[in-house]
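Chain identifiers are assigned alphabetically (A, B, ...) following the order of the sequence lines, protein sequences preceding nucleic acid strands; residue numbering begins at 1 within each chain. Values reported hereafter were calculated over all heavy atoms of this structure, with side chains retained and with hydrogens, waters and symmetry mates removed.
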There are 2 protein chains.
Amino acid sequence: MAALPEILARGGARWDSPARTGSGIMSERRTGWEGNIRVDDRVPRPPAATLADVAAAAGVGESTVSRVLRSHGSFSPKTRERVMAAAARLGYVPNRIAGTLASSGSKLVGIVIPSLANIVFPDVLRGASQSLEADGYQPVIAVSEYDPLREEQSIAAMLAWRPAALMVAGLEHTAQARALMASSGTRIIELMDLDGPSIHLAVGYSNLEVGRASARHLLARGYRRIAYVGHDLAADTRAAKRLAGFEQVLREQGLALQDRETVAAPTSVEAGQAGLERVLARAKGVEAVYFSNDDMAFGGYFLCLSRGIVLPEKLALFGFNGLAIGRVLPQPLSTIRTPRVEIGAAAARLAVAPFTCDPPPDPRLDLGFELVPGGTA
Amino acid sequence: MAALPEILARGGARWDSPARTGSGIMSERRTGWEGNIRVDDRVPRPPAATLADVAAAAGVGESTVSRVLRSHGSFSPKTRERVMAAAARLGYVPNRIAGTLASSGSKLVGIVIPSLANIVFPDVLRGASQSLEADGYQPVIAVSEYDPLREEQSIAAMLAWRPAALMVAGLEHTAQARALMASSGTRIIELMDLDGPSIHLAVGYSNLEVGRASARHLLARGYRRIAYVGHDLAADTRAAKRLAGFEQVLREQGLALQDRETVAAPTSVEAGQAGLERVLARAKGVEAVYFSNDDMAFGGYFLCLSRGIVLPEKLALFGFNGLAIGRVLPQPLSTIRTPRVEIGAAAARLAVAPFTCDPPPDPRLDLGFELVPGGTA
DNA sequence: TTGAAAGCGCTAACAG
DNA sequence: CTGTTAGCGCTTTCAA
């Protein structure tokens, strides 16, 4: 690794002295800081206090300290006092690494998600982290960027921490990843998709069904000449499933997609805008556009706004996810809302729940979705 | 904890049999699954292979296996072969818990952030996780929901994992939290704020300066009757600093905020909309509105759009963050863009970098910000 | 190049 | 109610 100057150079950044910033409302209290941290940094730090140190300081055995600190087992009130006092005095912070190794029961839960580029997976994380924290667990996260190989590596890395459970987005994984998860002895919870076999448990909704519902809605509103604008489908299998469901319903009505623009990029408002632009340029009298998700649809929405294309009379738009911003638009976006936070929370509960009964075969928790009619389709 | 049925009841959810969903494009391959997982679930799982198992299987000593697997130290090519083969055969996954305890060098980096409710901190996480992963580290995250006490608890919990470093948003923490961090021996990196003293390292930008720049911009454009619409400021000290900087510049020009609406809720588009609604209801001839961030500003933007308020002639809007969606609006939002992903990445580099020289006193990495003139102010 | 042995800091029996 | 004693699975000297 590099020395500090190199690190900074890499980022093209610079160190400021405190004088350069922060000269405003906040007082600097430099003295306290200097008298504190600098000294600590220079003096070789004494090794952190261990349970044995606390035991010695309190004049009791190690196991007693352990029992008191975890309020597990029995001990007298006065022993408790002395242990707590000693621990506080020494600034003792228990070492979970050691605790986990000894008890062979980790309080870590691995979460492998494909992306942090929009609010979708942060929502899932939020639900999970809230629920996990309440139970004393901690989420370790990894982002695969929709790359199956990176996902596989992340899964292997997570498993090395012997987590209590592993949450992974989607049902599609490399064969190696599936094998790893299946034989790991770790409870595996797959998220956001129910269309296919799961390893242990799956929590989410059916993307196929989402696509079908979207198509039914557009057809019911009388739209027939429908185009699709999506992002990179090879990577996002759930978006692919939605489209498959959508086309299935069209097919059942003897219809087909009028046009189909797949932007070779991750999902984004810019991609949605560019995609719709291209569809409009090909001008085939398209009446409605089904977007791979809300972000893409927002791009389309604002393009219409800029061009004065009246929604939904001249063009109808339909998205997916039900993001908050879609609800405050002058005309709320027609879309499908998914219970993302709830999915995260439910997955977390399943992750830490001791199963007192055998789970049913191939159990899947369907949290459903809600079609939001909106005003754009 | 509860039995499975209870867990499901809590969430009001239901288990579906596979037949209910997934009957579409995906084939079910139930047999393989049944012949696989169900069996594994019923037979008491053999304990995971350990290093000792691999050593025995390969007919070598444990330390040899350890050396080979970490490609550290010396061993003959043929020994390597046999070890690798044995490891693969046993499906060996190294136990990082044990490894970390033995080597007293964790590959975990703690990240404590206040919120996952908008894209801001996910962006930081994205930068961090990308950079961390490249160096073989894993992020453990905790969300404080802007609650200092929860932050303190999260920090304590993270420290218990003896992480290589700890990243925390902001410079304001409880005294207890500061003490914990300062005496932990763990490298502490504070994010997204430079206005005040840091514990070890700080990476971000000056919120005070952001507020000042915003005010200067609005003044330069000729706006004088300016209102502020923000979210819960007690919790979000960085938003408070921006406002402080903003008001400071106004004061310097002998001006003051015309109106000030603080929605008692976390940041959201809805809150921004509600806030602006109230400001407009008080009708004081406000010319421009400074929002606590882009999400809030979007709420205001769409309110104006709905009401036919012409931007920026009738009302000017200014945000903060520089979110992607603001750039595709019919009139791009005037705002200040911050290098969030870069902040996460830089923090991650600093987290894992071995300092070969003493860091300068109170070092702070100023990644700056960029004023985006936009079209709304 | 290799193996034996001593921990890392804690938990979990098991005696007292 | 409390202390002693083994490990948990790995890394790391230190000899061989």
Next item on the list: Indicate yes or no for a side-chain donor-acceptor contact from B/N95 to the backbone of B/I97 under 3.5 Å, with no hydrogens or angles considered.
Entry: yes
Check: How long is the span from the CH2 atom in B/W161 to the CG atom in A/L108, to the nearest 0.5 Å?
Finding: 4.5 Å
Notebook entry, point to check: In Å and rounded to the nearest 0.5 Å, what is the CG to CE distance from A/L166 to A/M158?
Noted result: 7.0 Å
Note to self: Please evaluate residues A/M167 and A/V203 with respect to the criterion side-chain contact (heavy atoms from CB on, under 4.5 Å), reporting the C-alpha separation (whole Å), side-chain torsions for both, the decisive distance (0.1 Å), and the verdict.
What the structure shows: CA-CA 10 Å; A/M167 298 169 34; A/V203 181; over 6 Å; no
Check: For A/S154 and A/R150, does a side-chain donor sit closer than 3.5 Å to a side-chain acceptor?
Finding: no
Margin query: Quick check for you: name the first and last nucleotides of DNA chain C, 5' to 3', having an atom under 4.0 Å from a heavy atom of chain B.
Written below: C/dT1 to C/dG9
Next item on the list: Would you mind reading off the bend of the helix from C/dT1-D/dA16 to C/dG16-D/dC1 from its two end axes, five pairs each, to 10 degrees?
Entry: 30°
Check: When you list every nucleotide of DNA chain D with an atom under 4.0 Å from a heavy atom of chain B, which one comes first 5' to 3', and which comes last?
Finding: D/dG9 to D/dT12
Checklist line | DNA chain D contacts made by residues 61-70 of chain A, counting heavy atoms under 4.0 Å | finding: A/G61, A/S63, A/T64, A/R67
Check: Can you check whether B/G127's main-chain N or O pairs, donor with acceptor, with B/S131's side chain at less than 3.5 Å?
Finding: no
Next item on the list: Scan residues 94-101 of chain A against DNA chain D and write down, sorted by residue number, each residue with any heavy atom closer than 4.0 Å; if none is found, say none.
Entry: A/L101
Checklist line | Flag side-chain contact, heavy atom, 4.5 Å: B/V68 against B/M84 | finding: yes
Next item on the list: Using modelled atom types only, decide if a donor and an acceptor are shared between the side chain of B/D147 and the backbone of B/S144 within a distance under 3.5 Å.
Entry: no
Check: Is a side-chain donor or acceptor of A/E190 paired with a backbone partner of A/I199 at a separation under 3.5 angstrom?
Finding: yes
Checklist line | Flag, side chain of B/H200 to backbone of B/I188, donor-acceptor distance under 3.5 Å | finding: yes
Checklist line | DNA chain D contacts among residues 72-83 of chain A, heavy-atom distance under 4.0 Å | finding: A/S74, A/F75, A/S76, A/T79
